[in-house]
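Here is the structure we will look at, set down as structure tokens.
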Amino acid sequence: MKAHWVRAVVLLFFWMCLFQGGENSYAAPEQAVAWVGNMYPSGLSNNILSLGKSFTVYTQVYEPMVTDFSGRGENISCTLYWGEVDRFGGDWNQVHVTPMTYSGDIGYNDEYGVTVTPETGLYEFTTRCSSQKPALVRWQNEGNGRLVVSPLPDAPTDRRAIWVNARTIAWNQPAATFYELHYATDGNLLVPVRQGEGIPLTLQQSLNWYSYPKFPYLNGYDAWRLPSAAVAAIPEILRSEVAIAAYDASGKLMDATGVQLQGVLDDLYSYDGELGVIYNNGTPTLKLWAPTAQSVVLRRFDDANPATSVKIEPMQFDSNTGVWSIEGNSSWDKQYYQYEVEVYTPTTRRIETNLVTDPYSVGLSTNSRLSQIVDLENDPSLKPEDWDNFEKPPFTVPEDMAIYEVHVRDFSRDDQSVPAEHRGLFKAFTYNGLNDKPMSDGMRHLMNLAKAGLTHIHLLPVFDFASVEESVDTRIDPNARVLASFAADTVQQQAIIGSIRGADSFNWGYDPYHYGVPEGSYSTEPRDQTRIIEFREMVQALNQSGLRVVLDMVYNHTFANGLYTQAVLDKVVPGYYHRYTREGYPHSSSCCADTAVEFDMMQKLMVDTMMRWIKAYKIDAFRFDLMNLLTAQRMIELKEKVQSLTVEQDGVDGESIYIYGEGWDFGSARDNGFYHANQYNMAGTGVGTFNDKIRDALHGGYAGDFPNSHRQGFINGLAYDWNGYFYNERFRNDLRTLTDRLRINLAGSLQTYKILDQNGHYTEGRSLNGAGYTRDPQETVNYLSKHDNETLYDLNLFKMPLGESGMAVTSMIERVRSQNMGLSLVGLSQGIPFFHMGSDMLRSKSLDRNSYDSGDWFNRVDFTYQDNNFGVGLPPAWSNQSRWSEMAPLLVNPSLKPDQHDILASVHHLQEILKIRQSSKLFRLETATDIKSRVHFHNTGPNQKDGLIVMSISDDRLPKLDPNYKEIIAIFNASKSTQNWSMPSLRGANVSLHPVQAESYDEAVRMASFTPETGEFHVPSRTTAVFVVTE
Amino acid sequence: MLVIQNERLLGLLKPDYSIGDIYALLERLNQHGTFEFSALPNGLFPAAMLTDDTAYTGYANVWVRDNIHVAYAHYVIGETDVAVKTVQTLLRYFTQHRDRFDAIIQGQADPNVVMNRPHIRFNGQTLEENEEKWPQAQNDALGYFLWLYCLLVRDDLITPAIEEVSTLALFPFYFQAIEYWRDEDSGHWEETRKVEASSIGAVTAGLKVLRQVHLKPAFVNHCCQYRGQLVTLSLLDNLIAKGEQTLNAILPAECVQPAPDKNRPYDGALLFLIYPLEVVKGAIADQILDNVLTHLTRDVGICRYLGDSFWCADYKQKLSGELRTADFSDNMALRDQLLQPGEEAQWCIFDPIVSVIFGQKYQATQQPIDLQQQIHHLNRALGHVTGVDSEFGGFRCPELYHLENNRYTPSDATPLLWTQATLRIALEMMMHTLTAMNKNSV
């Protein structure tokens, strides 16, 4: 107990000092108890409390023969003294005296406690106990405790304020009186609860949609202006944890939030120079844009071996551009590097030290662990023979294009005519029968298409993506023989694939890691520059095979963000490259965090890497994945930039580069108030968009689960061959509504093309449920299937009647003809036709509707045309399990498995259609005016024959476009019976079946005929017949 | 495909109906006079409501068959007095012309001369026969009459007088005399004479109901003798057996005679044996139905049979008015040469019957597909109702749609009372189905 007495003596001194300021007479001494102490939270402790939460203080008291018995000692009472202060250590503004209650024995001591709920502010507190017999009083003697009560006791986790330019911050918090900006360079910001410690902000204006084009959604926000005196501190602030705070009239904190910095970073540091690895006469300089970094260090490695020691090189910061740079020497060539970036990171709210590759990487080691220093432009060892001089296939105008969508691994993984070591790789495309290379089955298929009129091969992502292990030794692929041993409707195949899919060789690749480097898993050696050489070999081989190359770019999202392993951008400039919600959290409109091209440096990254693909890899066109997550303005700028390229200055004619993308109507760009790059907003820009109008009109659309998967379209029976679902769409006017829309699609989906609709009115395409949305034919990429969703063959298995419940039974011949009808309608529509690889081979994925990670097994393609891959097991559970019960009976039905003859019927059909398209410029009209004046539809209006489209394209005006034909009549008879159509104006005319179809592989097509005496055409069921009129 | 001629009905057509929905449909159709059955004062119905332009069709005449279908529709919807008046007038007509029966029963007239047969098409106003040559050998019509008359007797809606019973007694002896089970007649479609299941079935149906009423004391008291011959149960059973025996041999075909102009595997008329005559049931009924759906059903309506040249494409351009409805029964080839395969006229009288048949199946099986089909064929039938821009006026029930200038167009027999009758029955039976469903769900 001696210790207690010592403390009591000390307390005598302290209590005299306790309430500084002289007015605190309430602390007049009484008789002291033996000891008071052990206050918890202790004296001098700093405590932070959320506003509205309770705060409990305990204290202990000792009095001999009173507290050392069990239970509460008699005649003892304790009290909490607490009061608000303007600053800790200052005067108490007022004192609250709150009695404490006995809470238990702690050894010989009694413990008392009390809970209070203070308002926002700074508080000090202490405790006192007293006894009546004898009358004694004691204060705890460890100093006053300190308490901060704040509506934001931690630094804000959200970022609701937007720093739009150097002097302006937007925030929609109008209720306060004072506004301040606070920051902490150490990343440990505590927003003061009392006004006066931060940078004062003044109200500037209220914003509208147009105030700041990069932030249209700030409409209605207030703009707060920084004082001039703070301008010099802005760079330091941007390297710090930052918050904006609002205080009420009494100066107390009401609200605070973090700040999104993209606007101010663009304003101060937007940079138009080169980034990444820049060679100057063999000397590389490395540049990294990182204006918010507190430090950046280069970590350089002689080789890609993980055991190789690192050389640390400091980098220089340019405060004008935000760029960190270092000049190396020629010995650095082919070496590897990464950056060590020390930077405040909003997601963790601390200063992080990140090891990260270069967003502008030119080369990479295996699995993108390190960036590589290579001279892409000048190093001859990176170029295949004749790379600088070989001739590309000629390009005329976008409307002459015809595109085939290919996945690199699908293309050759199972092609036995490709050497095993090159299957599934870039190298496989070099087996084109040229340059002493044999011809593979796959390349023969592509070259036959090229001869027929195909112009472009669209490659699914081939930039560096994150979802496939690049080291062959580390991958695990299933044994195909084992998979083949299971029945067609069993779960084993997908179960095996599912167990290893994280480690197998297959993924579509929509998982961007580095935008400017070829994917390593498609090269024979992913650890070095081999991928660059082999990618170039692929491009060269395809070009020499008559095919230009399209890259599928995924600039709309990154695979990872924040501090995740495969994040890059957020480790360099955290919070800059992605698009955020009003609350400051990443938008994820697709799988992952959306990027934000509205900001300069994201746009620059996109433009610069595209330029690299164009100039250094000779890429001819680009497909933008979810382009609608980008802004229309940025796409226009990009297109203008590309088109400005000239052969003289850049080695490339920018006019020959075609850009198209997915222009759907959803996502963060739209939600944030931008004119997003959707179909309608891109009309008139020359940028193409995938046309889901024609797709859905043709096959009824993708709509997921039962019964929506059974919705029908023009080619597979809507109304005319009902499958038992969607009775409400079984009406003739449904078919006619859809057929009217399809006519618009055949006419380039022009907004202003007019037809006589089923109601007898002349109606523009845009009024037909938006079927017409383009202003120029090059703006529609016509398709009916691609890598997404089911293959066309699989889709039709759900859509065409199966004989259930009294419906018709669809024969295999009908299935083939339906598929071919779809290919015809796409191929002969004005605009740019696009075909999924294998859509001309009845390709099946065993009903898989999302094969992005379904392994090689479900994605196989057989270029010997013997098998279409139908019935190889229930498709993977992760995308399909909800439909397994419906799928199983289909998969085991032998009548649904086509044979080689069936497959060949489709193979030949697409080639014939491409030849027909190629044979006349009339199928490839270049202007809306031409289409309106030359393309006409017959069999329209209220008396039209159902399931029959009759389209004529005339060459009866100047300029003459076709030296052979004065008119072409394409008749699409989707119905199940032969249809006749009479054109009296052609009585006696010289009309014949198109020469390609006169020799058609398809006997039914050859039977299509014209009777000159009556002017009547006769077209068999489910048949496309093209007739030509000659002089 | 569902072809809806009248877009004003589109909003009322549904994949699933409630009783209220059917009432709404009936109300809309009644508002527009779709179910106006303008009878002659004597209760008979002309085949079609004609204008000066369409009078050439001859459809102002009265057909026994059509009258039975119309009368039966009234019976189904509860307007039994209308049905009674119709069949009583028909009986009066037959009584007035019983000499036709007598002559053939007694062998005094050659039944192969078709004008010697009891006439089934006559002047409804006067109940006089027409002199115009017509394929009057249509046993089905007599069978229909016998069937409905006896049905109404069975239900005590008619109590026949002595004279009436004596006329009824003519029918079994007449059928016996012509050996109806192997008699070649022109049947439902008034064309080439052949041994037709649809006619044999109709007669069998009539005889079966006659057998039922034969057991009623009030009927037996007056019955059963014709010139000394008794109409006994055994006579009826024997006749019925012969009919059924032949039906078993022919069905599901209409005619199995080998001659190409007679042989007919599928015919819409066979549907009537399933409903309303109910002489064919079970698997053979299913086969008939399946044949019709598979081979005769088209986008708009249902063909009578494959190769039917009546109102073939551009019929009015190919034939003069007087020839369009002329008697081709002796030389069908003349008309058949006008037909291109697949361009047969699509009739409107069948879909309602198919709907009812599926409704009966549904009530028996509770299979959802049967209900779905009942609704679908009802909707198809409603789709036949003319649009407001039709030359015949809107909301009318045509006899058929045929190709005219590449467009399916109603024939001039619009509105046809037979079609009105079957559509009205189909709506009524839809109501029955829905009522039964409600009861079941309770």
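From a predicted model like this one, the values you see are computed outputs, not experimental measurements. Note that these values count all heavy atoms, side chains included, but never hydrogens, waters or copies made by symmetry.
Between the side chains of A:H936 and A:E967, not a single donor N or O lies within less than 3.5 Å of an accepting N or O. For B:Q367 and B:Y362, the side-chain atoms include no donor-acceptor pair closer than 3.5 Å. In the model, A:S975 has a side-chain atom that pairs as donor or acceptor with a side-chain atom of A:Q979 under 3.5 Å. Under the 3.5 Å distance criterion, with hydrogens and angles disregarded, a donor-acceptor pair is assigned to the side chains of B:D370 and B:T365. Between the side chains of B:S411 and B:E399, at least one donor N or O lies within less than 3.5 Å of an accepting N or O. For the residue pair B:D21/B:S18, the side-chain donor-acceptor check at 3.5 Å is satisfied. Side chains of A:S952 and A:H938: a donor on one and an acceptor on the other come within 3.5 Å. Under the 3.5 Å distance criterion, with hydrogens and angles disregarded, no donor-acceptor pair is assigned to the side chains of B:R396 and B:T414.
Taking the six-membered ring where tryptophan is involved, the planes of A:Y702 and A:H699 are perpendicular, since the angle between them exceeds 60° and thus also 30°. Between B:Y315 and B:W311, the ring planes are tilted. Angles from 30° to 60° get that label.
Taking the six-membered ring for Trp and the full ring otherwise, the centers of A:F1017 and A:F1027 sit less than 6.0 Å from each other.
Highest contact tally toward chain B, considering only A:N980, A:D734, A:N733, A:L718, is held by A:N733 [criterion: heavy-atom pairs under 4.5 Å]. Highest contact tally toward chain A, considering only B:N379, B:N405, B:L293, is held by B:N379 [criterion: heavy-atom pairs under 4.5 Å]. Counting heavy-atom pairs closer than 4.5 Å to chain A, the top residue among B:H376, B:Q372, B:K14 is B:H376.
Contact check on A:R817 versus A:D1002 returns a salt bridge, with a Lys/Arg side-chain nitrogen under 4.0 Å from an Asp/Glu carboxylate oxygen.
Identified by a heavy-atom distance below 4.5 Å to chain A, the contributing residues of residues 4-13 of chain B are B:I4, B:Q5, B:E7, B:L10, B:L13, in residue-number order. Heavy-atom neighbours of chain B within the stretch residues 721-730 of chain A, taken at a separation under 4.5 angstrom, comprise A:W722, A:G724, A:Y727, A:N728, A:R730. When the heavy atoms of residues 939-950 of chain A are compared with those of chain B, the residues falling under 4.5 Å are A:N943, A:K945, A:D946, listed by number.
Residues in residues 350-369 of chain B take part in these salt bridge (charged side-chain N to carboxylate O under 4.0 Å, His left out) pairs, two or more places apart or across chains: B:D286-B:K361, B:D351-B:R380.
The shortest side-chain heavy-atom distance between A:R743 and A:M951 does not fall under the 4.5 Å cut-off. The closest side-chain heavy-atom distance from B:I274 to B:I288 is below 4.5 Å.
For B:L2, the parts lying under 4.5 angstrom from a heavy atom of chain A are both the backbone and the side chain.
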